[in-house]
Number of protein chains: 2
Amino acid sequence: MILKSQVEWALHCCAILAGLPQGRYLSTKALAELHGLPKEYLSKALQSLSQASLVETTLGPSGGYRLARPTSEINFLDIVEAVEGKSRTFTCSNIRANNPCRPKDFCDSKPCSVARVMWQADEAWRNTLKSVSLADLVETLSEDVPADIWKNTFEWVLQRAG
Amino acid sequence: MILKSQVEWALHCCAILAGLPQGRYLSTKALAELHGLPKEYLSKALQSLSQASLVETTLGPSGGYRLARPTSEINFLDIVEAVEGKSRTFTCSNIRANNPCRPKDFCDSKPCSVARVMWQADEAWRNTLKSVSLADLVETLSEDVPADIWKNTFEWVLQRAG
DNA sequence: CTTATTAAGGACAATATATATCCGCAAATG
DNA sequence: CATTTGCGGATATATATTGTCCTTAATAAG
């Protein structure tokens, strides 16, 4: 079990969008070049963000993507689920029902005990992701990334945004 | 991202092994028939458990698998990691290093901020799995599964264990 | 000792998913 | 009008998952 690389891409792209001046759009092309990613395929990840209403888009020159909500109102889980889907990481195929000792018409009152534990772990994972917002990420990044690199990066992308 | 079906299989098999009388072995064949699973492929999952030293095996008639430790000393994480491997569910390909604004010889002091959050969530998932033992599972199962079905099931598998 | 049974593991095939690439369309910009 | 852009469909490739088949060596039972 491993997350798609698109999850990593989407998170980094959102981090950049989160640091953009109000209202500015950034194109797939700029985001792909900044991160050294295949433009056409990155586009699919950005489309997922768009379908999840995490970003807004506009067409034409100087078009592209911008966040649809304040950075404090978008969290990691929003982004991960936009790309990976919302379904749980553990699927119960209810193999207990194959037990030959069960009456054929027997109906379980609860979900499988094994699944309940796996789903509880899944929720713990999601809750952690939910607890970190893009605002938190930007704050951490500005501590980690040297100020001049950070500044140059935004000048670089804004130049490509026309 | 989704866990292998072998994880579900391994967990259910361990639950059965956990309820077995001391010292008794159960064969792949019996476990496969009980759960309605492909014997040859289930065998791979059981081999994973064996390689992780969670179960002991013996050959020949009346051979098979039994738990290598008391049920209180085997938890969900042990089993999940035996099948899925121990590597994290999020891999950081360090795409920040592709940023053209970074000096080429620049060396990061910390892991990527994005990865740190993802790994934190991964740990929350693992901690939950670690907190539930096979003993806990057996207890839950005996509450959920009607006593007669539970009893019949063990008579059924023990009969096939010779 | 002989025979049946078993786990282990290698080779292989089938299927599903992830990772791309390419193209045409419609909307926006200037 | 010409260019740029997001969007979605079609298609191709690579990798992972799921499943089968076979051989080998060890073990237990008769």
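Note that the structure is a prediction, hence the values are computed from the model and not measured. Values below: every heavy atom of this structure, side chains too, minus hydrogens, waters and symmetry copies.
With contacts defined as side-chain heavy-atom distances shorter than 4.5 Å, the pair Leu34(B)/Pro100(A) qualifies. Between His12(B) and Leu37(B) there is no side-chain heavy-atom pair separated by less than 4.5 Å.
No hydrogens or angles considered: a donor-acceptor pair under 3.5 Å links the side chains of Arg96(A) and Asn94(A). A donor-acceptor contact under 3.5 angstrom links the side chains of Ser93(B) and Glu8(A), judged on distance only.
Rounded to a whole Å, the CD atom of Glu8(A) is 16 Å from the C1' atom of dA20(C). What separates CD of Gln6(A) from P of dT15(D) is a distance of 17 Å, to the nearest Å. In this entry the distance linking OH of Tyr25(A) with P of dG6(D) reads 11 Å, nearest Å. Rounded to whole angstrom, the span from the NZ atom of Lys39(A) across to the C1' atom of dC7(D) amounts to 13 Å. The CZ atom of Arg160(B) sits 14 Å away from the P atom of dT5(C) (whole-angstrom rounding). Atom NE2 of His35(A) is separated from atom P of dA20(C) by 15 Å (rounded to the nearest Å). Straight-line distance from the CD atom of Glu84(B) to the C1' atom of dT17(D): 10 Å, rounded to whole Å. Between Lys4(A) atom NZ and dA20(C) atom P there is a gap of 13 Å when expressed in whole angstrom units.
For Ser5(B) and dT17(D), the shortest distance from a side-chain N or O to OP1 or OP2 is not below 4.0 Å. Phosphate contact (OP1/OP2 of dC7(D), side-chain N/O of Tyr65(A), threshold under 4.0 Å): present. OP1 and OP2 of dA28(D) both lie 4.0 Å or more from every side-chain N or O belonging to Ser62(B).
Both Lys29(B) and Glu40(B) sit near DNA chain C, but only Lys29(B) has its closest nucleotide nearer the 5' end.
At most 12 heavy atoms of other shown residues, nucleotides or ligands fall within 6.0 angstrom of atom CD in Glu139(A). Within 6.0 Å of CD in Glu56(B) there are more than 12 heavy atoms belonging to other residues, nucleotides or ligands.
Checking dG19(D), dA28(C), dA7(C) against every side-chain atom of Pro61(A), the shortest atom distance belongs to dA28(C).
Residues Arg116(B) and Asp144(A) come closest through the heavy atom pair NH1-OD2, 2.9 Å.
Less than 4.0 Å separates DNA chain C from at least one heavy atom of each of the following residues of residues 41-60 of chain B: Lys44(B), Gln47(B), Ser50(B), Gln51(B), Thr57(B), Thr58(B), Leu59(B), Gly60(B).
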